[in-house]
Novice: 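Can you read through this structure? Questions will come right after.
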Amino acid sequence: MSTVAAPQHERFATGIYHGKLGMWVFIASEIMFFSGFIGAFIVLRNLHLEMFAESAHELNKVLGTINTAVLISSSLTMALSHVAIEQGNQQKFRLYLSLTFLCGIGFLIIKTIEYSAKFSHGIFPETNVFYASYYIMTGFHAAHVIGGMIPMAWFLFRSMGKGFPQNEHHKIETLGLYWHFVDLVWIFLFPTLYLIF
Amino acid sequence: MAAGLTFEQLQKKYLGIFLALLVLTALTVGVSFFHFGDVGNIIIGILIAVTKAALVAMIFMHLQFDKAWLRYFVIVPVFFFLAIVFALTVLEKF
């Protein structure tokens, strides 16, 4: 039973690994980025109550729920991969990070199925302001998922062969912060778009 | 990472949070099939989402174990968001 070291970084004046601090600054800006869309959504909804309710009921609740579960699972495996690399367990690290990556792919596939179903019914961003909001919010969210998968693929690539350096586990924690944030955005988008109408 | 926790305890904690998030997802989807007045569904949906978000931020994103001031990176932007939404909603009444 090894005890986890307290998060002390004497090298840094702030006591926090600077990559991680930078990620938190970025996340703060990201919260405001998505807040803009959600704020606009609230105002538009109050102007078009009936149309928003009608349009929201056309969304596929089942696929939305599955995607929520997929993202939550990916957050778990992301967190577990950080624990694994902190312990220097390369095998588990690779396994959990690969699973996280696969969940990302799964999420994007399901999102594509949803989009193409809407397209085939002639529903596009210009259909109405609900769908304009829907496409822009879920679209930017999906772009964030892809954005997280790029460094993830890089870290997976680096973990081949000699393995990912254990002393760089903060990079995995920082990537994890971003990934959990993307999950967090979906936690709000899902009820906002699919459930509350 | 988490001060004072063994890796085994930390993994168990993550698993517990994962299960809680799944249960809350099932709950929020289940509740959405019933109608609770004009704003009832919105309030329930937001309450459950905030609970889920708090679990993710505090445990998965380590805010519970990290320096307390890191929490302001969440609190400040959310405060501004709420202020703007509140202002817009109030302005609409005039």
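This is a predicted model, so every value here is computed, not measured. In what follows, chains carry the letters A, B, and so on, assigned in the order in which the sequence lines appear, proteins first and then strands, with residues in each chain numbered from 1.
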Novice: Minimum heavy-atom separation for Ala53(B) to Ile187(A), with atom names?
Specialist: N-CG2, 4.3 Å
Novice: Do other residues, nucleotides or ligands put more than 12 heavy atoms under 6.0 Å from Gln91(A) CD?
Specialist: no
Novice: If hydrophobic clusters are built from ILVMFWY residues whose side chains come within less than 4.5 Å, do Leu47(B) and Leu184(A) share one?
Specialist: no
Novice: Identify which part of Thr68(A) has an atom lying under 4.5 Å from any heavy atom of chain B, answering side chain, backbone, both or neither.
Specialist: side chain
Novice: Which bit of Val50(B) comes within less than 4.5 Å of chain A, counting heavy atoms only: side chain, backbone, both or neither?
Specialist: both
Novice: Given heavy-atom pairs under 4.5 angstrom as the criterion, report whether the side chain, backbone, both or neither of Ile84(B) touches chain A.
Specialist: neither
Novice: Find out if a path of hydrophobic residues (ILVMFWY) with successive side-chain heavy-atom gaps under 4.5 Å connects Ile38(A) to Val39(B).
Specialist: no
Novice: Hey, which of Asn41(B), Ile46(B), Val76(B) has the most heavy atom pairs under 4.5 Å with chain A?
Specialist: Asn41(B)
Novice: Could you tell me which of Gly45(B), Ala26(B), Ala57(B), Ala49(B) has the largest number of non-hydrogen atom pairs under 4.5 Å with chain A?
Specialist: Ala49(B)
Novice: Check each atom of Val29(B) against the heavy atoms of chain A and say whether the ones under 4.5 Å are side chain, backbone, both or neither.
Specialist: both
Novice: Side chain from CB out, backbone as N, CA, C, O: work out which of these in Leu63(B) comes under 4.5 Å of a heavy atom of chain A, or both, or neither.
Specialist: side chain
Novice: Is Ile72(A) close to chain B through its backbone or its side chain, or both, or neither, when contacts mean heavy atoms under 4.5 Å?
Specialist: both
Novice: Under the 6.0 Å and 45° cation-pi test, does Lys52(B) pair with Phe190(A)?
Specialist: no
Novice: At their closest point, which heavy atom of Tyr14(B) faces which heavy atom of Leu76(A), and how far apart are they?
Specialist: O-CD1, 3.5 Å
Novice: Show your working on side chain to side chain contact (heavy atoms under 4.5 Å, CB included) between Trp69(B) and Thr14(A) and close with a plain yes or no.
Specialist: CA-CA 10 Å; Trp69(B) 55 262; Thr14(A) 52; 4.2 Å; yes
Novice: For Met61(B), which of Met23(A), His180(A), Glu173(A) qualifies under side-chain contact (heavy atoms from CB on, under 4.5 Å)?
Specialist: His180(A)
Novice: Can you find a pair of side-chain heavy atoms, one from Ile16(A) and one from Leu70(B), that are under 4.5 Å apart?
Specialist: yes
Novice: Measure Ser73(A) against the heavy atoms of chain B and call it side chain, backbone, both or neither at under 4.5 Å.
Specialist: both
Novice: Please classify the contact between Leu177(A) and chain B as side chain, backbone, both or neither, with a heavy-atom cut-off of under 4.5 Å.
Specialist: both
Novice: Indicate the atoms forming the closest heavy-atom contact of Gly39(A) with Phe81(B), along with that distance.
Specialist: N-CE1, 4.0 Å
Novice: Given the rule that I, L, V, M, F, W and Y join up when any side-chain heavy atoms are under 4.5 Å apart, are Phe93(A) and Phe157(A) in one cluster?
Specialist: yes
Novice: Would you say that more than 12 heavy atoms from the other residues, nucleotides or ligands in this model lie under 6.0 Å from the CZ of Phe33(A), or not?
Specialist: yes
Novice: Could you tell me which portion of Ile17(B) (side chain, backbone, both or neither) has an atom closer than 4.5 angstrom to a non-hydrogen atom of chain A?
Specialist: neither
Novice: Relative to chain A, which segment of Phe18(B) carries a heavy atom at a distance below 4.5 Å: side chain, backbone, both, or neither?
Specialist: both
Novice: Select one option (side chain, backbone, both, neither) describing which atoms of Thr25(B) are under 4.5 Å from chain A's heavy atoms.
Specialist: side chain
Novice: Would one find more than 12 heavy atoms of other residues, nucleotides or ligands at under 6.0 Å from atom OH of Tyr72(B)?
Specialist: no
Novice: Taking everything shown except Phe79(B) itself, do over 12 heavy atoms lie less than 6.0 Å from its CZ?
Specialist: no
Novice: Among the clusters formed by ILVMFWY side chains lying less than 4.5 Å apart, do Met160(A) and Met149(A) turn up in the same one?
Specialist: no
Novice: Establish whether Met32(A) and Leu21(A) are linked, either directly or via other cluster members, by ILVMFWY side-chain heavy-atom contacts under 4.5 Å.
Specialist: no
Novice: Does Phe86(B), at its CZ atom, have more than 12 non-hydrogen atoms belonging to other residues, nucleotides or ligands within less than 6.0 Å?
Specialist: no
Novice: Is Ile27(A) in contact with chain B via its backbone, its side chain, both, or neither, using a 4.5 Å heavy-atom distance?
Specialist: side chain
Novice: Which heavy atom in Gly15(A) sits nearest to a heavy atom in Lys67(B), and how many Å separate them?
Specialist: O-CE, 3.6 Å
Novice: So do Trp24(A) and Val74(B) actually touch side chain to side chain, heavy atoms under 4.5 Å?
Specialist: yes
Novice: Any idea which of Leu49(A), Leu80(A), Leu47(A) has the most non-hydrogen atom pairs under 4.5 angstrom with chain B?
Specialist: Leu80(A)
Novice: Measure the spacing between CD of Glu86(A) and CG of Leu10(B) and express it to the nearest 0.5 Å.
Specialist: 7.5 Å
Novice: Heavy-atom pairs under 4.5 Å with chain B are the metric here; pick the option from Asn46(A), Thr192(A), Val43(A) that has the most.
Specialist: Asn46(A)
